[in-house]
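Any value given below was found using the heavy atoms of this structure, including those in side chains, with hydrogens, waters and symmetry copies removed. Nothing here was measured: the structure is a model prediction, and the numbers come from that model. The chain is numbered in sequence order, starting from 1.
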Amino acid sequence: MTAPQVKGTNGAHSANGTANGSATTKVTKPRFFEDYGIWKQAPILTGSTKFEPLPDVKNIMITGGAGFIACWLVRHLTLTYPEAYNIVSFDKLDYCSSLNNTRMLNDKRNFTFYHGDITNPTEVLDCMERFNIDTIFHFAAQSHVDLSFGNSYGFTHTNVYGTHVMLESAKKIGVKRFIHVSTDEVYGEVKDDDDDLLETSILSPTNPYAASKAAAEMLVHSYMKSFKLPAIIVRSNNVYGPHQFPEKIIPKFICLLNRQRPTVLHGDGSPTRRYLYAGDAADAFDTILHKGSLGQVYNVGSHDEISNIELCRMLLTEMSIPHESQEEFNKWVKYTHDRPFNDHRYAIDATKLRRLGWNPNTSFTDGLKITVAWYKRFGEEWWGDISKVLSPFPIVVEAEVVSDKEEICDEPQRPRKRKSPT
């Protein structure tokens with residue numbers, strides 16, 4: 001079967017053909033390549049940093065480049081450094097990806113999209129050799145914690161084996177920088193009265209997703225030690241903003257409310273998360289590229305810590321939905337059972353990165369305003385039909401999202417009692 005082609009100056013590349021009109025043996029659902037022009041109406045969003053280009057960096061491969069956080073960096077580097085860096089966005093176009101995230105770059109001379117899978121060594125090595133890659137940002141991963149409880153094999157395959165393929169290929173071609181994108185969830189749960197965690201803190205993941213990311217980090221460390229691979233590890237807290245697939249809490253709840261449907265909290269809504277705006281995350285990765293030291297680990301974190309139930313209140317306020325009385329609030333906020341295990345909070349210390357000059361510029365209030373406006377305008381069209389993903393615990397079957405049938409109620413669900421460590 002021949003996959004549809006991406007039209008643009010650089011077109012689409014794959015391991016089985018060349019750009020613009022090449023044949024490929026990939027079986028790809030056409031919806032990933034269909035272009036209804038919605039991206040032409042959207043603002044082009046990037047970070048704000050700009051540094052003196054590095055003389056030993058020219059060709060940058062960004063895995064997961066059609067996904068959420070990576071697409072922000074793809075746009076930022078392509079548009080900020082047009083004469084210095086060539087950007088290759090490498091993505092298999094999974095259910096949560098969209099070429100709309102980077103279509104505005106198709107006419108840029110320094111941008112190329114490569115349709116490939118990080119678990120396929122042939123495709124990974126072909127991309128690296130074809131474009132003479134010297135620098136890699138490895139974002140591509142299965143990242144939705146809820147899905148990891150039911151499809152943990154897929155997380156191990158993509159996040160661990162896929163990282164191994166990336167490392168082995170990077171070693172073969174001799175890359176100069178391998179920047180591995182991890183998560184603050186590898187540290188595990190942080191109690192309310194505990195100090196924020198440093199990069200040297202012990203890794204103690206509590207769910208299959210976080211465990212797979214910790215395992216991937218161990219592979220990165222092993223290649224740094226055994227093969228002197230020049231690598232950096234980055235651990236970020238929750239990132240939010242436009243372009244995030246609405247399986248995550250902020251875009252999902254915005255889309256539900258925009259449909260005049262209630263949000264559905266897991267458990268009692270008490271867990272907290274720290275949120276970082278995607279533009280600030282792009283700046284962090286740009287800073288690490290230009291000022292970070294090889295062999296180091298950097299936390300990327302904010303101090304905007306908000307409980308899930310408070311997030312609902314903020315969204316209702318931002319969307320001008322009355323919720324002052326308990327009756328009004330209960331109309332828009334429902335509950336379902338919690339995850340098998342839901343970390344109460346994460347908390348990381350980003351002082352090390354701040355010493356390089358990075359600081360978040362976007363307050364949560366401002367970032368949420370931008371994000372709500374974007375999803376109200378584009379959320380229903382950017383990824384096609386998102387109805388099934390808006391359920392409390394959607395599942396993915398062969399790259400297709402399937403809605404769940406979980407019970408929803410009006411009262412907060414008590415968290416399950418946890419055994420105290422002995």
Side-chain angles (χ1 to χ4, degrees), residues 43-91 101-102 104-105 108-112 131 133-141 175-184 199 230-244 275-302 348 350-363 366-367 370:
I44 300 176
L45 301 171
T46 67
S48 60
T49 51
K50 185 174 183 178
F51 299 94
E52 185 67 27
L54 297 169
D56 60 339
V57 174
K58 185 62 179 177
N59 303 309
I60 303 174
M61 176 183 183
I62 301 180
T63 68
F68 171 44
I69 306 176
C71 81
W72 276 79
L73 186 65
V74 167
R75 293 192 303 272
H76 180 73
L77 294 181
T78 300
L79 298 174
T80 306
Y81 306 97
E83 303 301 326
Y85 303 144
N86 298 312
I87 308 303
V88 180
S89 172
F90 183 98
D91 201 297
N101 290 334
T102 57
M104 66 291 295
L105 305 176
K108 305 303 179 185
R109 295 176 57 190
N110 64 325
F111 172 76
T112 302
F131 298 102
I133 298 298
D134 52 63
T135 301
I136 295 170
F137 278 94
H138 178 36
F139 283 89
V175 299
K176 297 173 182 177
R177 283 175 180 79
F178 187 101
I179 301 175
H180 177 73
V181 183
S182 190
T183 170
D184 63 348
E199 289 84 354
I232 295 173
I233 293 174
V234 184
R235 300 173 184 147
S236 174
N237 64 204
N238 284 33
V239 179
Y240 74 99
H243 298 277
Q244 185 173 34
Y275 290 99
L276 180 69
Y277 184 65
D280 291 327
D283 288 346
F285 289 108
D286 192 15
T287 302
I288 290 167
L289 170 64
H290 290 93
K291 293 190 173 183
S293 298
L294 295 174
Q296 295 298 307
V297 178
Y298 293 96
N299 286 339
V300 181
S302 73
I348 55 175
T351 300
K352 185 174 178 181
L353 179 57
R354 285 182 167 86
R355 287 175 181 155
L356 299 183
W358 173 82
N359 273 296
N361 293 318
T362 308
S363 69
D366 291 343
I370 295 169

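Contact annotation: the side chain of R177 never approaches that of D134 to less than 4.5 Å [non-hydrogen atoms, C-beta and beyond]. At a threshold of 4.5 Å between non-hydrogen side-chain atoms, the residues T287 and F51 count as touching. Looking only at side-chain heavy atoms (C-beta outward), S236 and V181 stay at 4.5 Å or farther from each other. Annotation: side chain of Q244 is not in contact with side chain of C71 (no heavy-atom distance under 4.5 Å). With a 4.5 Å cut-off on side-chain heavy atoms, V300 and D280 do not count as touching.
T63 contributes a side-chain N or O that, together with a main-chain N or O of F139, makes up a donor-acceptor pair within less than 3.5 Å. Between the side chain of D283 and the main chain of T49, a donor-acceptor pair closer than 3.5 Å is present. Looking at N101, its side chain does come within 3.5 Å of a backbone N or O of A66 through a donor-acceptor pair. Panel note: side chain R75, backbone L105; no donor-acceptor pair is recorded below 3.5 Å. The backbone N or O of Y275 lies less than 3.5 Å from a partner atom in the side chain of S302, making a donor-acceptor pair.
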>> If you apply the rule side chain to side chain contact (heavy atoms under 4.5 Å, CB included), what do you find for Y298 with L356, and how did you get there?
In response: CA-CA 10 Å; Y298 293 96; L356 299 183; 3.7 Å; yes
> Are K352 and N299 close enough, and set up right, to give a side chain to side chain contact (heavy atoms under 4.5 Å, CB included), and what steps lead you there?
Replying inline: CA-CA 7 Å; K352 185 174 178 181; N299 286 339; over 6 Å; no
>> Between F90 and F131, does the ring-ring contact (aromatic ring centres under 6.0 Å, His included) criterion hold? Intermediate values first, please.
In response: CA-CA 11 Å; F90 183 98; F131 298 102; 9.9 Å; no
> Which is it for D286 and L77 under the side chain to side chain contact (heavy atoms under 4.5 Å, CB included) test, yes or no, and what are the steps along the way?
Replying inline: CA-CA 8 Å; D286 192 15; L77 294 181; 3.8 Å; yes
> Run the side chain to side chain contact (heavy atoms under 4.5 Å, CB included) check on F137 and V74 step by step: do they pass?
Replying inline: CA-CA 10 Å; F137 278 94; V74 167; over 6 Å; no
> Is there a ring-ring contact (aromatic ring centres under 6.0 Å, His included) between Y277 and W72 once you walk through the steps?
Replying inline: CA-CA 11 Å; Y277 184 65; W72 276 79; 5.6 Å; yes
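Among all heavy-atom pairs drawn from A140 and G64, the shortest one is CB-N, 3.5 Å.
Between the side chains of N237 and D184, no donor-acceptor pair is found at a separation under 3.5 Å.
Ring orientation note: the planes of Y81 and Y85 are tilted relative to one another, at an angle of 30° to 60°.
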